[in-house]
Structures are given as structure tokens and as C-alpha cells.
Amino acid sequence: MKDRLDRLLKATIDECFEKNVLKRTPLPDYVIEIPNNPAHGHFATNLPMTLASVQHRSPREIASVIRDHLKNEDGFLENSEVAGPGFINFFVTAREWHRILSSIIDLKDDYGRSGAGSGQRVLVEFVSANPTGPLHLGHGRGAALGDTLCRLLSFCGYDVAREFYINDAGRQIHILGESIFSRFKQINNPEYPFPKNGYHGDYVLGLAKTISEQIDLETLSDGDAVHECSKMGKELMLKEIRQDLKRFGVDFDFWYSENDLLSSGLLKNTLETLKGNGLLYEQDGALWIRTADFGDDKNRVLKKMDGQFTYFASDISYHLEKHDRGFDRAIDIWGADHHGYIPRMKAALLSCGVPKDWLSVMLIQFVKLWRRGQEIRMSKRAGTFVTLQELLDEVGVDAARFVFLTKSHDSQLDFDIDLVKKQDSDNPVYYVQYAHARICSILRKAAEAGITMPDKTDGILDLVSLDEEMALIRTMAQFPIILTEICKTTEPHRLTYYLTELASSFHKYFNLGTKIPENRIITSKKDLSQARLLLVAGVRTVIANGLRLLGISAPQKM
RNA sequence: GCGCCUGUAGCUCAGCUGGAUAGAGCAGCGGACUUCUAAUCCGCAGGCCGCAGGUUCGAAUCCUGCCAGGCGCGCCA
């Protein structure tokens, strides 16, 4: 609709040039926007104001000229007006809005789907938690963000893959094994030393018990036992992580193991490539990469004095491999504490000829947990953290996902468990779900009353005419636009706000009927009722589609 | 010291590429259920948009400098 208005506007300007009522100048950047205040039209443009300086005339004067020559093809516009400092406000005819409602009803689950991404292949890597402990709140935020982003991208025509990178090759896995083994020993000997930097969480004892039931650790040498504990502990944790994510509604397409990266010789190949490009050198007994030549603060070590590779080395290899797999773009979702890694990662990729904007990194700021008005400090090493499991047990998947997505990822999130737990009006997720359930209930009631949905929407939709009804349609019309914008800016949180706004418009509309019977959805007039049923069915469709993209259920009853 | 993020109502936060009177939820006060779900709605109150400059016809939004908070600046993972 906006595009149509833009074409109309451009045609109008051309005519003004032809007729010499405006000086022929290049068009400056202008916008067509949806004003906050409905009194300012369905759409408004600032074009006259942007033209003022090149035309050397007042904005309002230019606005009048444009308005007077407006090409109103097919009666698209109901009205237009010059307003404020030099805006032109446009009002579109009801018929056009009815058409949009009609298309929502036809498209159903597909309303909002688009080809905006034109099949671009995107790899989104997120969560990627070390398999040394259960997922916690912070991972939950990353999971909700990443998964919803993927759902959105996919709906908007991108070819998306979800990937979880498993850090299963480093020393922390060994420390996990030591921690498990130590807990095992402590069952019979409480004095048995616990490793420095060990993992203190209660789950470690659980792992020790499970593992010792499966194999007899006592018969092995300590070294072998620790090795077994590492291997099995990692597998058990990974299994648990998968289950948690599944419960949270997140399915990954790929689980990429760092171990595989090493054993398949990919890291070696990467080093060969880097060496071939003259990017490596040795100093102080270590192997370095010249990332400083590509925008990093300083050069970085790839291989330590002790012969071990750094994480950075396998990370480079991993990302180059992603690129080789043919993805047009990669999106990584990292914790905010990793932000210092962005320049070096980008530098390394650039040094291998991968364009700068191929990888985008989204940082998620920390989640602070509040309970009974107190902040709960979280530390994985110390074992004081709230797991995703515990969170889901307490508040459920829907509320958790919604709350994680109500804040922009780059601002810190205060997660108040008590607030989210409340199953009442305090919780915005229920507000949106309630609107959906309410509509379902109305449709059931209508069916009971024998009011059927008409096959054809033509003509009947003309009965949809109240201000509140037209406002609902206009909000629904924004849905596809919001979705493509979210994909462009990678800001899924905007969807929760949009849905809350739509639900609010609906609830407001519904309540008109509590005062005035003629304003109820099911009225004494059959055709009017049918028209309104079509309208609310459209609202239900948009809410359902939105909730689906958020990975949240749309209940029929509440 | 350097870098990234944040600073908007009592609290938690939105505010789309600069636009017309800065929004929502919670908390507070006052109202609306014999009739489609009151997990709802309506009204009132509440704001030097951290501070100071600058760019612009126009700035919460862009630029610069300060102030405050969070997080990083390893041959740790």
C-alpha cells in the first residue's frame, strides 16, 4: 500500500515538473510513514519539507501544489490534506482496507510470509553452550532470540539453518571429568581433593552417580577414570542440553563438534591456508596470526608455547568452514562478555578473503535474575545459577520465551521470576494469548448460534466500518512490513510489542459491545455479524501467526 | 587507560531509516460485568528523554565532549 502511494506521489511530482508548477530538481530523501496520531492520516509524507530548500519555497506552499495535482488513480485515496509544518496526510478508502482484510482471511497461516530474503542462505549459530553444565538463564535468552530470529527469517523467504557449536575439545571438558571423578571419590572419602577451577554445581554429583552405575571407575587408573568421566559427562550434559532446548521449542539443524573439526584435519588445512597467505609467524615459541593488519588491535596467538592450539585457532577454522559450506551470511549470537572477540574474528576472516559483512555478531547482554525483590547472582563455576529447566518448571515455556523477547538484545534484562510466574494480568504473554482465546470463543458461540462464515467476502465487508474496526485492519496491515523490518534489523523483540498492540486494539474493540449491544460482534443482524466475524477471524490469524513465530502457543481456551 | 552496551514516568522497558501533543505494562487513585471469556475495558495522576554543546526547517533519535552503570581488554575457557 505504501509502495502504491509512493508510485502515485512520484507520478504527481513528474506532472508538477511537466506543468512547471515546481522547479525540476532531483528528489531528496523523503519518507512515507504511518503517523502515530491517527488524526494525521493513514500515511503521511515529509516530501514538501525536504523539497523546501531546493525549491526555495515554503514547505506548506509546496505541499499545496503537490496536493492539488495529486493523481488519485482508481479512487485509491479518500482524502488528503496539508498539515503541520508541511506534511501531506493521506487517507485511504475503506474499500482498500477491506481488500487487505480479505487477503488476510484468504492467506491464513501464510499471511505475512514473503520472499523478502529471496532465498539467501543464512546460518545462525546460537546457544553453543559448553557441555560442562546445564543451560542457564542466559542461554535461554540466546535460545529464544536465535530461534525466533530463525523462524522470522524463514517466514520472510530466507533459507535458514540453525547450528549449535559444541566446544568439546578444550581443557574445560577435562576439568569436568576431574570434577566428576572427585565427587565420585568423595562419596566414600569426603577428604578427597576437589580440583581447583572445578565445577561446583550439584549436577556434578549426579553425573558421578550415573557414570559409576554404568562403569566401574574403581578398576580403572585415575587417569583413565577421569578420561571416562570427561567423555561420558560431556555426552550426558549434551543429551540434557538437547532435551532442554527441545522442551523450549528449539530444534537445531546442525550440531557441530569442535572435536570433529580437529580430527577431520580441518584445522590443519586452515593453518596451511593462513600460512600460504603469509599471515603466520613465530615468536617467543608461539605461532601468531597477523590480525592487526586487518583491523584488530593486535596480533593473536594460534598455537601456544606448550604446543596446544588456542580456541581462536579452531574458531577461525570453524568460521571458514561455515563460509565454505556456501552460506551467504552467518549470524552468531554471543554473550556480551565475548564482544572483544568480534574484531579479531572479523579480521581473521577478512585476511582469508571473507567479506567484512559476511559475519554479523549479535551480542546479548546479561540476564539479571530477581526473586522476592533480591538479585540472585549467577556463577557456573560456583554452581550458583538458575537453570533453564528450573525456569521452565516455574514459569513455563510461553512466558519464558515472551519475556526474553520483550527487551532489545543489547540491553540488560531484569528477569523477575515472581512477576513472570503470576498467571494473571501482570503478564503480557497472557494478554496476547487471551485475545486469541477470546476470539476462538466468539467464533464457537457464533457457530452455536448458527451464524456461518460467508464464502465470499465481497460486499459483506463493507459493513465493517467503525473507527475501531478500521484501526484493527490498519494494524493488521502492518504485520508483513514489521516482519520484513525485523529481519532486516534482526530485532525480534519488536514482534512482541506489535502483538501486544494488536491484542490491545482487539480488547478495546471487544469492550465496545459491553456498553452498546449494537457494537457487539455477534449482533441481531446476521450480515453485520458475519462481517465482524470475518474481521476478528483476521485478527486471530495475525495473532496466531505472530505467536507461532515467537514459538509460543495460541490457546483456544483460557 | 582503551573498547562494546546501556542511561526515557516511582519500577521494568518500547519508541521503526530524524518529524506533528514522547508511549506501554506494573505500582497509585477512581470507575465499568443480568447479555459475545473482567486473564478485559475506561478515566485520573505521573516526564529538564543522564548533562552540555553542535548539525537541521525540525533531535529521545545523528555528531562531539563530559557524567553514571554493566561487560570486556590473557600463550583463560
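Proteins come first, then strands; the chains are lettered A, B, ... in the order of their sequence lines, and each starts at number 1.
- When heavy atoms are screened at a 4.0 angstrom cut-off, A/Ala336 is found touching the sugar-phosphate backbone but no base atom.
- OP1 or OP2 of B/C42 has at least one side-chain nitrogen or oxygen of A/Lys508 nearer than 4.0 Å.
- Contact annotation for A/Asp284: base contact, defined as any heavy-atom pair under 4.0 Å involving a base atom.
- If you check B/C41 for Watson-Crick or wobble pairing at under 3.5 angstrom, you find it paired to B/G31.
- Counting non-hydrogen atoms under 4.0 angstrom, A/Ala435 reaches nothing in the nucleic acid.
- Regarding A/Lys445, its NZ atom lies at a distance of 6 Å from the P atom of B/C36, rounded to whole Å.
- The distance from atom NZ of A/Lys407 to atom C1' of B/G70 is 16 Å, rounded to the nearest whole Å.
- Whole-Å rounding puts the A/Phe366 CZ to B/G70 C1' distance at 9 Å.
- Rounded to the nearest 0.5 angstrom, A/Trp334 CH2 and A/Glu125 CD are separated by 8.0 Å.
- A/Asn46 contributes no side-chain N or O that forms a donor-acceptor pair with the base of B/A20 under 3.5 Å.
- In this structure, A/Ala446 reaches neither bases nor backbone, as no heavy-atom distance under 4.0 Å exists between it and the strands shown.
- A/Lys508 NZ: 12 or fewer foreign heavy atoms inside a 6.0 Å radius.
- Comparing the same atom, P, in B/C67 and in B/A20 gives a spacing of 33 Å after rounding to whole Å.
- Separating the CG atom of A/Leu512 from the C1' atom of B/C41 is a distance of 9 Å, rounded to the nearest angstrom.
- The base of B/U21 is not paired with the side chain of A/Asn36 by any donor and acceptor separated by under 3.5 Å.
- Among the atoms of the strands shown, only primed sugar atoms or phosphate atoms (P, OP1, OP2) are found under 4.0 Å from some heavy atom of A/Ser408.
- No engagement by A/Gln478 is indicated, since no non-hydrogen atom pair under 4.0 Å with the nucleic acid exists.
- Shown here, B/C33 is classed syn by the O4'-C1'-N9-C4 or O4'-C1'-N1-C2 angle, which is within 90° of 0.
- Nucleotide B/G3 holds its P atom 9 Å from the CG atom of A/Asp297, rounded to whole Å.
- Checked for salt-bridge contact, A/Glu485 and A/Arg494 meet the test: a charged N lies under 4.0 Å from a carboxylate O.
- Among the heavy atoms of the strands lying under 4.0 Å from A/Lys298 are primed sugar atoms or P, OP1, OP2 only; no base atom is included.
- Base pairing of B/C71: its partner is B/G3, meeting the Watson-Crick or G-U wobble criterion (both donor-acceptor distances under 3.5 Å).
- B/C62 and B/U8 are spaced 16 Å apart, taking the P atom of each and rounding to whole Å.
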Let's go through A/Asp332 and A/His319 carefully: what are the C-alpha distance in whole Å and the side-chain angles of both, what is the deciding distance for side-chain hydrogen bond (donor to acceptor under 3.5 Å, both in side chains) to 0.1 Å, and is it a yes or a no?
CA-CA 10 Å; A/Asp332 283 9; A/His319 280 84; 2.6 Å; yes

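- Between the OH atom of A/Tyr30 and the P atom of B/G18 there is a distance of 16 Å, given to the nearest Å.
- Taking the side chain as every heavy atom from C-beta outward, A/Tyr165 and A/Ser314 approach each other to under 4.5 Å.
- Without hydrogens or angle criteria, A/Arg67 side chain to A/Val82 main chain gives no donor-acceptor distance under 3.5 Å.
- Comparing the same atom, C1', in B/C49 and in B/U40 gives a spacing of 31 Å after rounding to whole Å.
- With distances taken from any side-chain atom of A/Asp337 to the nucleotides B/C75, B/U12, B/C71, the minimum falls on B/C71.
- Between the CG atom of A/Leu47 and the P atom of B/G58 there is a distance of 19 Å, given to the nearest Å.
- Of the candidate nucleotides B/C5, B/A20, B/A14, B/A20 has the atom nearest to the side chain of A/Pro35.
- No N or O donor and acceptor, one from the side chain of A/His338 and one from the base of B/G72, sit under 3.5 Å apart.
- Only the C1' atoms considered, B/C57 is 45 Å distant from B/C73, to the nearest whole Å.
- Atom pair A/Ile442:CD1 and B/U40:P shows a separation of 15 Å (rounding to whole Å applied).
- Nucleotides B/C29 and B/C48 are separated by 27 Å at their C1' atoms, to the nearest Å.
- With rounding to the nearest 0.5 Å, the separation of CG in A/Leu302 from OH in A/Tyr281 is 10.0 Å.
- Residue-level contact check: A/His507 touches the backbone only, with heavy atoms under 4.0 Å from sugar-phosphate atoms and none from bases.
- Taking atom P on both B/G28 and B/U35, the two are 28 Å apart, rounded to the nearest angstrom.
- Taking atom C1' on both nucleotides, B/U21 is separated from B/G7 by 25 Å, rounded to a whole Å.
- Contact annotation for A/Tyr497: backbone-only contact, meaning every heavy-atom pair under 4.0 Å involves sugar-phosphate atoms and none involves a base.
- Comparing the same atom, P, in B/C16 and in B/G30 gives a spacing of 36 Å after rounding to whole Å.
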